[in-house]
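The structure appears right after this line, and notes come after that.
Just so it is clear, the structure is predicted and the values come from calculations on it, not from any experiment. Numbering of ligands and ligand atoms starts at 1, following listing order.
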Amino acid sequence: MRQLNVDLGDRSYPIYIGEKLLANKQILVPHIRGRQLCIVTNDTIAPLYLPLLQEMLTGYQVDTVVLPDGESHKNLDTLNLIFDGLLSARHNRTTTLVALGGGVVGDMTGFAAACYQRGVDFIQIPTTLLSMVDSSVGGKTGVNHALGKNMIGAFYQPRCVIADTALLETLPPRELSAGIAEIVKYGLIADYAFFEWLEAKMPALMARDKAALAYAVERSCQIKAEVVAQDEREDGIRAILNLGHTFGHAIETAQGYGNWLHGEAVAAGMVMAADLSWRRGDISRTELDRTIALLLQAKLPVKAPADMTDETFLTLMGVDKKVLDGRLRLVLLESMGKATVTSDIDDELLKQTFAACR
Ligand code: NAD
Ligand code: GLY
């Protein structure tokens with residue numbers, strides 16, 4: 001097992017990464033402060049992994065809330081099901097919520113924990129590759145609104161993250177690819193050597209090679225933890241973690257939540273960000289092509305939907321949380337392995353990117 005730390009003063013917490021951690025009582029129990037637990041999961045994950053977790057938690061009041069599966073349920077109505085479960089089983093302020101699931105379950109459980117009785121403990125047990133490398137770490141929690149993705153939420157850190165890579169065996173191939181998109185992101189924004197490692201190891205990752213997956217999760221979490229420790233509430237550098245996300249969120253919103261997976265939209269969005277970076281002269285055409293080739297190896301989309309017009313993109317990108325005083329800000333590549341956030345965007349180059357990437 002590998003252990004990393006997210007350094008946030010008195011809200012610091014460990015990330016455990018390894019095989020068969022779900023059934024390991026010694027890892028989870030030290031992070032539970034009260035006698036009540038509420039496991040939040042969904043109707044796909046519950047039959048696979050809930051019994052294993054429940055069996056281990058003897059000696060506690062353990063209640064469960066099983067949400068409907070899917071991004072389309074990541075909203076305030078579904079969030080209320082968590083509060084219904086907590087209140088009807090009389091959970092008090094010393095309860096701990098346990099998120100057993102991917103990013104949708106994790107984001108909603110974290111937000112419920114932030115709100116319930118003005119804040120209770122929560123633990124992240126990510127079950128998708130994407131949630132292991134991204135959403136379970138860093139404390140962004142929330143739900144979608146019909147007018148914008150993740151628009152209602154809070155920064156709220158978990159007590160720990162337990163990434164059991166054995167759970168990835170049951171993950172559908174499309175979800176594996178979606179997680180790889182976020183892993184490629186870390187190489188692009190912060191570590192060119194990791195990007196090159198990914199070029200060499202993509203076949204192994206796609207074949208679910210255990211050692212390759214464990215290293216990819218660890219390196220991704222390391223990079224994310226370092227960035228979050230510097231800028232928890234995204235006043236500055238944390239925005240680089242959103243490479244491709246402004247374009248990607250526009251794609252997700254335009255297509256209807258759940259039709260494009262988050263990681264798929266981020267993949268196409270990263271190609272758009274890399275394309276614009278190339279047009280600005282910051283990366284070479286070869287580097288752009290290598291980025292596209294890597295994402296294609298991971299069976300990810302590298303173009304936006306053909307029917308998305310410039311106007312649709314611009315309108316939806318205007319709702320992005322990075323917009324400041326009405327000015328669009330984008331995360332672009334300063335070079336391979338280094339990202340920058342800029343509002344100095346040439347409209348003509350942006351239009352060329354829209355035209356080239358759909
Ligand atoms: P997800 O939570 O929808 O899970 C994907 C699918 O895989 C679901 O159908 C789920 O039931 C299923 N599943 C999960 N684990 C499984 C397993 N081990 N075996 C079989 N099936 C399994 O999707 P996701 O990609 O994990 O998360 C996407 C969400 O995360 C989006 O809502 C996105 O906005 C959010 N997100 C948040 C952050 C953050 O910092 N908080 C970062 C990135 C993404
Ligand atoms: N997924 C981007 C962030 O956590 O900031």
Under-4.0 Å heavy-atom contact with ligand 1, by part of Leu168 that carries it: neither
Check ligand 1 against Tyr49 and write out every atom of the ligand that is under 4.0 Å from a heavy-atom position of the residue. 18 (N)
A student checking ligand 1 against Glu71 at a 4.0 Å heavy-atom cut-off should list atoms 29 (C), 31 (C), 32 (O)
Under 4.0 Å to a heavy atom of Asn42 - the qualifying atoms of ligand 1, by number: 10 (C), 11 (O)
Taking the side chain as everything from C-beta on, heavy atoms only, tell me whether His262 gets closer than 4.5 Å to His245. yes
Answer with side chain, backbone, both or neither: which part of His262 has a heavy atom less than 4.0 angstrom from an atom of ligand 1? side chain
Would you say Leu314 and Phe354 make side-chain contact, with heavy atoms under 4.5 Å? yes
Basic-acidic side-chain contact under 4.0 Å: Lys351, Asp347: no
Closest heavy-atom approach to atom 43 (C) of ligand 1 among Thr41, Val133, Asp134 is made by Asp134
Name the option, out of Leu243, Leu241, Asp134, Val227, that contains the heavy atom nearest to atom 1 (N) of ligand 2. Asp134
Measure the OG1-CE distance between Thr253 and Met317 for me, rounded to the nearest 0.5 Å. 11.5 Å
Mode of Val228 contact toward ligand 2 - side chain, backbone, both, neither (heavy atoms, under 4.0 Å): neither
State, yes or no, whether a side-chain contact exists between Leu81 and Pro68 at a heavy-atom distance under 4.5 Å. yes
Between the side chains of Arg358 and Asp310, is the shortest nitrogen-to-carboxylate-oxygen separation below 4.0 Å, so that they form an ion pair? yes
Value for CG (Asp191) from CD (Glu196), rounded to nearest 0.5 Å, stands at 9.5 Å
Does the protein come close to atom 37 (C) of ligand 1 - that is, does one of its heavy atoms sit below 4.0 Å from that atom? yes
Salt bridge present between Arg280 and Asp282 (N-O < 4.0 angstrom): yes
Does ligand 1 have any atom that is closer than 4.0 Å to a heavy atom of Glu169? no
Ligand 1 atoms in contact with Asp69 (distance to a heavy atom under 4.0 Å): 8 (C), 9 (O), 10 (C), 11 (O)
Side chain, backbone, both or neither: which part of Thr44 comes within less than 4.0 Å of ligand 1 when only heavy atoms are counted? side chain
Is ligand 1 under 4.0 Å from a heavy atom in the side chain of Ile45, in the backbone, in both, or in neither? side chain
Against heavy atoms of Lys140, which atoms of ligand 2 measure under 4.0 Å? 2 (C), 3 (C), 4 (O), 5 (O)
Test item, Gly142 contacting ligand 1 (heavy atom, 4.0 angstrom): no
Mark up the atoms of ligand 1 that fall under 4.0 Å of a heavy atom belonging to Ser135, in ascending order. 36 (N), 37 (C), 38 (C), 39 (C), 40 (O), 41 (N), 42 (C), 43 (C), 44 (C)
Short N-O contact, Asp134 and Lys185, less than 4.0 angstrom: yes
Please examine the side chains of Phe195 and Thr291, heavy atoms only from C-beta on, and report whether any two atoms are closer than 4.5 Å. yes
For a 4.5 angstrom cut-off between non-hydrogen side-chain atoms, does Lys299 reach Met206? yes
Atoms of ligand 1 close to Asn150 [distance to a heavy atom under 4.0 angstrom, numbered from 1]: 34 (O)
Under 4.0 Å from one or more heavy atoms of Asn242, ligand 2 contributes atoms 2 (C)
Check: Leu213 and Lys210 side chains under 4.5 Å, non-hydrogen atoms: no
So, is Thr170 polar-close to ligand 1, with some N/O to N/O distance under 3.5 Å? yes
What's the shortest heavy-atom distance between Gly263 and Ala181, and which atoms? O-CB, 3.2 Å
With a cut-off of 4.0 Å, which atoms of ligand 1 are near a heavy atom of Lys149? 31 (C), 32 (O), 33 (C), 34 (O)
Compute the shortest N/O to N/O distance between Gly103 and ligand 1 and return yes if it is under 3.5 Å, no if not. yes
So for ligand 2, is His245 a polar contact partner (N or O within less than 3.5 Å, distance only)? no
Per-atom contacts of ligand 1 with Lys74, taking only distances under 4.0 Å to non-hydrogen atoms: 31 (C), 32 (O), 33 (C), 34 (O), 35 (C)
Kindly confirm or rule out an N or O of Leu167 lying under 3.5 angstrom from an N or O of ligand 1. yes
Min over Val104, Thr128, Asn144 of heavy-atom distance to atom 3 (O) of ligand 1 lands on Val104
Could a heavy atom of Lys224 be found less than 4.0 Å from some atom of ligand 1? yes
Tell me whether Pro172 has any N or O atom under 3.5 angstrom from an N or O of ligand 1. no
Answer whether the closest heavy-atom distance between the side chains of Leu100 and Leu22 falls below 4.5 Å. yes
For ligand 1, which part of Leu171 has a heavy atom less than 4.0 Å away: the side chain, the backbone, both, or neither? both
When you check the gap from the basic side-chain N to the acidic O, do Arg290 and Glu287 get nearer than 4.0 Å? no
